[in-house]
Amino acid sequence: MAPKSAPLPVSDPPPQSVNGADGSAPIFLGSSMGRRGAFAALSYMVCAVLLVMFNKAALSSYSFPCANVITLCQMICSTCILYAMRRWRIISFTTGEAHKASLVPLQTVLHTLPLSLAYLLYMLATMESVRGVNVPMYTTLRRTTVVFAMVVEYLITSQKYSFPIVGSVALIVFGAFVAGARDLSFDIYGYSIVFIANMTTAVYLATINRTGKTTGLNGFGLMWCNGIVCGPILFFWTYIYGDLELTINFPYLHSLGFQVVMLFSCILAFCLNYCIFLNTTLNSALTQTMCGNLKDLFTIGLGWLLFGGLPFDRLNIVGQILGFMGSGLYAYCKIKGK
């Protein structure tokens with residue numbers, strides 16, 4: 001009988017050992033972030049930057065008209081990957097469970113409905129917001145998600161933050177408004193979608209920890225339930241609104257370049273979703289949001305070089321610097337345990 005494959009890491013931190021060899025030891029003495037949490041944060045930032053670039057390439061460079069279809073393809077791809085990995089006993093869906101080939105019970109899937117619906121809104125709003133706003137302004141406006149994340153975490157878990165943390169968030173938001181003060185491409189619809197995406201992101205991140213603890217599912221299990229619940233809903237949505245027909249008639253559908261972009265978009269979406277679960281569980285919803293701000297430096301640079309858009313005048317540069325200073329201040333406070 002063939003030996004079982006080694007299991008991949010799940011979103012729940014392993015028991016802390018004496019010598020810290022399990023990766024839960026802090027980065028250095030006095031830090032509140034473990035090595036495993038730092039790795040999760042870094043992995044998220046890399047995946048997030050690449051995913052925005054490939055999504056923007058599909059929607060702008062190839063003028064693909066159906067953002068919802070991209071989201072649907074990403075869900076189908078993630079669900080298939082999870083099923084295969086589960087079937088081959090590479091991963092488990094439940095914390096501390098033996099690596100069996102069985103799937104998540106229906107009762108547990110129904111228990112994750114609030115998280116799955118929040119995930120669906122988050123995915124749809126985020127994908128649509130990429131289309132309506134240029135990449136530099138998109139990343140600038142998305143930085144205001146930290147405020148929504150703080151409010152939602154306080155309402156759900158009564159989480160309170162120290163003065164340095166609140167100050168770093170205020171600096172980020174102020175920098176975002178300064179950077180966008182001279183955006184000549186202002187579009188009320190595009191801006192509104194971005195702020196809706198910010199709200200849905202905050203709700204989604206805040207419910208990950210809570211749902212995982214009440215259901216006993218790890219990151220892979222939560223991703224599986226999201227795909228099972230949201231996939232059919234999104235398929236019905238795209239069919240009713242004619243997005244599937246538009247996709248079939250899309251002139252670049254059989255183009256190798258477009259297919260490669262879609263393939264990488266789907267794979268990166270899977271990796272990104274897992275990194276979000278891992279980072280949110282090991283650290284916090286606010287830390288996850290702040291990681292999104294730290295990776296913006298690379299997103300803005302690549303987006304400006306590849307797709308153009310926002311002219312970088314002095315006011316914009318000042319706003320960007322303020323935002324990154326705020327993100328750096330939060331990262332410092334988090335690592336130092338303040």
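If you read the sequence from its start, that first residue is 1, and numbering goes on from there. The structure displayed is predicted, hence computed values, not measured ones.
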Who pairs with [X] by side-chain contact (heavy atoms from CB on, under 4.5 Å), at least two apart in sequence or on another chain?
{"X": "Leu155", "answer": "Val151"}
{"X": "Leu120", "answer": "Met75, Leu124, Cys230, Ile233, Leu234"}
{"X": "Phe250", "answer": "Tyr62, Phe64, Pro65, Tyr252, Leu253, Phe258"}
{"X": "Tyr241", "answer": "Trp237"}

Closest approach of [X] and [Y], non-hydrogen atoms and distance?
{"X": "Leu246", "Y": "Cys66", "answer": "CB-SG, 3.7 Å"}
{"X": "Val152", "Y": "Ala206", "answer": "CG1-CB, 3.3 Å"}
{"X": "Gly175", "Y": "Leu322", "answer": "CA-CB, 3.8 Å"}
{"X": "Ser265", "Y": "Asn55", "answer": "OG-OD1, 2.7 Å"}
{"X": "Leu72", "Y": "Gly231", "answer": "CD1-O, 3.8 Å"}
{"X": "Asn218", "Y": "Ser92", "answer": "ND2-O, 3.1 Å"}

First locate atom [atom1] of [X], then atom [atom2] of [Y], and finally report the distance between them rounded to the nearest 0.5 Å.
{"X": "Ile276", "Y": "Thr201", "atom1": "CD1", "atom2": "OG1", "answer": "8.0 Å"}
{"X": "Cys271", "Y": "Tyr44", "atom1": "SG", "atom2": "OH", "answer": "14.0 Å"}
{"X": "Thr108", "Y": "Leu222", "atom1": "OG1", "atom2": "CG", "answer": "10.5 Å"}
{"X": "Phe220", "Y": "Phe270", "atom1": "CZ", "atom2": "CZ", "answer": "5.5 Å"}
{"X": "Ile240", "Y": "Phe235", "atom1": "CD1", "atom2": "CZ", "answer": "10.0 Å"}
{"X": "Asn68", "Y": "Leu244", "atom1": "CG", "atom2": "CG", "answer": "10.0 Å"}

Check for a donor-acceptor pair, side chain of [X] on one end and backbone N or O of [Y] on the other, with a separation under 3.5 Å.
{"X": "Ser43", "Y": "Ala40", "value": "no"}
{"X": "Ser61", "Y": "Ala58", "value": "no"}
{"X": "Thr211", "Y": "Ile208", "value": "no"}

Mind checking whether [X] and [Y] have side chains closer than 4.5 Å, heavy atoms only?
{"X": "Ile196", "Y": "Met199", "answer": "yes"}
{"X": "Met223", "Y": "Ile81", "answer": "no"}
{"X": "Ile91", "Y": "Tyr274", "answer": "no"}

Between [X] and [Y], is there a shared hydrophobic cluster once you connect ILVMFWY residues whose side-chain heavy atoms come closer than 4.5 Å?
{"X": "Ile76", "Y": "Ile248", "answer": "no"}
{"X": "Phe54", "Y": "Leu256", "answer": "yes"}
{"X": "Leu121", "Y": "Phe236", "answer": "no"}
{"X": "Phe264", "Y": "Leu51", "answer": "yes"}

* To do: Can you sort out the partners of Tyr204 under ring pair (Phe, Tyr, Trp, His ring centres under 6.0 Å), two or more places apart, ordered by chain and number?
  => Tyr119, Tyr122

* Taking ILVMFWY side chains as joined if any heavy atoms are under 4.5 angstrom apart, and letting links pass through other members, which residues group with Ile267? ->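 Grouped by the 4.5 Å side-chain rule, Leu263 form the rest of the cluster around Ile267.
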
* Is it the case that more than 12 heavy atoms not belonging to Phe195 sit under 6.0 Å from its CZ atom? ->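 Correct, the count exceeds 12.
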
* Would the number of heavy atoms belonging to other residues, nucleotides or ligands and lying under 6.0 Å from CD of Gln259 be above 12? ->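 Yes, CD of Gln259 has more than 12 neighbouring heavy atoms, counting only those of other groups under 6.0 Å.
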
* To do: Determine, stepwise, if the pair Asn198 / Val147 fulfils side chain to side chain contact (heavy atoms under 4.5 Å, CB included).
  => CA-CA 9 Å; Asn198 291 347; Val147 178; over 6 Å; no

* **Aromatic Phe93 / basic Arg86 pairing, under 6.0 angstrom, 45° off normal** =>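 Checked: cation-pi criterion met.
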
* Does the pair Phe148 and Thr200 meet the rule for a side chain to side chain contact (heavy atoms under 4.5 Å, CB included), with working shown? -> CA-CA 9 Å; Phe148 297 101; Thr200 56; over 6 Å; no

* To do: Might you work through the side chain to side chain contact (heavy atoms under 4.5 Å, CB included) test for Thr112 and Asn226, ending with a clear yes or no?
  => CA-CA 8 Å; Thr112 63; Asn226 282 345; 5.7 Å; no

* Under the side chain to side chain contact (heavy atoms under 4.5 Å, CB included) rule, what do Cys225 and Leu115 come out as? Steps first, then yes or no, please. => CA-CA 9 Å; Cys225 292; Leu115 176 65; over 6 Å; no

